[in-house]
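Since we're looking at a predicted model, the values are computed, not measured.
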Amino acid sequence: MDEEIIKQKNLDKRYIRMACIWAENSYCKRRQVGALIVKDKMIISDGYNGTPSGFENICEDENNVTKPYVLHAEANAITKIARSSNSSDGATLYVTAAPCIECAKLIIQAGIKRVVYSSHYRLEEGIELLKRAEIEVLFIPIEENNKEE
């Protein structure tokens, strides 16, 4: 395997491990998701699933159903970019769960060119939309994250 490919794969594994650690910041009980946006080997944004700024940090209602206004990790990371001087054009998004269709639309519009994720989502339409938009999509299972080439 080409040395550059091995280097990139190892970087991908490190960043996805970091996204897994970042997910621990989420107050959501059902599922904690973390996301990092990386450009030129620099983390330019991060996010985890949770409620909007100023809301109580409770993601589920009394029936353990996720509240409709909870933001996904990808949406949080992308909207942070919008409030900064950074650009996500050509960046890679590392996220612990496969993006849903709504997040896939945001990823496309943000100019992100690669998505690396470590667990499947029950619906595949987000991944299908990313591929249709010619965004490189890479799945690295969580158990593979600790192994380097």
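- The main-chain N or O of S26 is found under 3.5 Å from a side-chain atom of Q32 such that the two form a donor-acceptor pair.
- In terms of heavy atoms, S119 sits closest to T96 at OG-O, 2.7 Å.
- Between D12 and Y94, the side chains place a donor N or O and an acceptor N or O closer than 3.5 Å (distance only, hydrogens not considered).
- The neighbour count for Y121 OH, taken as heavy atoms of other residues, nucleotides or ligands under 6.0 Å away, is above 12.
- Between the side chain of K131 and the backbone N or O of V137 there is no donor-acceptor pair closer than 3.5 Å.
- In the hydrophobic clustering, where aliphatic and aromatic side chains (Ile, Leu, Val, Met, Phe, Trp, Tyr) are joined below 4.5 Å either directly or transitively, Y69 groups with F55.
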Give the intermediate values and the outcome of side-chain contact (heavy atoms from CB on, under 4.5 Å) for residues L123 and I101.
-> CA-CA 9 Å; L123 305 171; I101 189 107; over 6 Å; no
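- Counting heavy atoms from C-beta on, the side chains of I58 and K67 come closer than 4.5 Å.
- In terms of modelled atom types and a separation under 3.5 Å, the side chain of D2 and the main chain of E4 share a donor-acceptor contact.
- Without hydrogens or angle criteria, K39 side chain to D89 main chain gives a donor-acceptor distance under 3.5 Å.
- One finds the OH atom of Y27 at 9.0 Å from the OG1 atom of T51 (value rounded to the nearest 0.5 Å).
- From E124, atom CD reaches atom CG of L130 across 11.0 Å, with rounding to the nearest 0.5 Å.
- At least one side-chain heavy atom of Q8 sits less than 4.5 Å from a side-chain heavy atom of L11.
- In summary, K105 and E102 engage in a salt bridge, as defined by a charged side-chain N under 4.0 Å from a carboxylate O.
- The backbone N or O of I43 lies less than 3.5 Å from no partner atom in the side chain of Y15, so there is not a single donor-acceptor pair.
- Using a distance-only test at 3.5 Å, with no hydrogens or angles considered, a donor-acceptor pair links the side chain of N49 to the main chain of R31.
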Go through the steps for N10 and R14 under the test side-chain contact (heavy atoms from CB on, under 4.5 Å), then give the verdict.
-> CA-CA 6 Å; N10 286 334; R14 285 185 203 125; 4.1 Å; yes
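- Heavy-atom minimum distance, V70 versus C59: CG2-O, 3.5 Å.
- Smallest separation of non-hydrogen atoms from P99 and V115: CG-CG1, 4.1 Å.
- The local environment of CD in Q109 is sparse, with at most 12 non-hydrogen atoms from other residues, nucleotides or ligands closer than 6.0 Å.
- In this structure, CG on L138 lies 10.0 Å from NZ on K13, to the nearest 0.5 angstrom.
- No side-chain heavy atom of R132 sits less than 4.5 Å from a side-chain heavy atom of E128.
- If you chain together hydrophobic residues whose side chains sit under 4.5 Å apart, M18 and W22 never meet in one group.
- Within 6.0 Å of CD in E56 there are more than 12 heavy atoms belonging to other residues, nucleotides or ligands.
- In this structure, the side chain of S45 does not engage the main chain of I37 through any donor-acceptor pair within 3.5 Å.
- Cluster membership for V95 and L71, using ILVMFWY side-chain heavy atoms within less than 4.5 angstrom, is not shared.
- In terms of modelled atom types and a separation under 3.5 Å, the side chain of E60 and the main chain of R30 share a donor-acceptor contact.
- We find the CZ-CD1 distance between R17 and I140 to be 9.5 Å, quoted to the nearest 0.5 Å.
- A donor-acceptor pair under 3.5 Å is absent between the side-chain atoms of N86 and the main chain of I81, judged by distance alone.
- Side chain of N63 to backbone of V65: no donor-acceptor contact under 3.5 angstrom is found.
- Atoms OH and CG, from Y117 and L93 in turn, are 12.5 Å apart once rounded to the nearest 0.5 Å.
- The minimum heavy-atom distance between C103 and A75, with the atom names listed, is SG-N, 4.3 Å.
- For the atom pair CD1 (I112) and CD1 (I107), the distance works out to 5.5 Å, reported to the nearest 0.5 Å.
- The minimum heavy-atom distance between A110 and S88, with the atom names listed, is O-OG, 2.7 Å.
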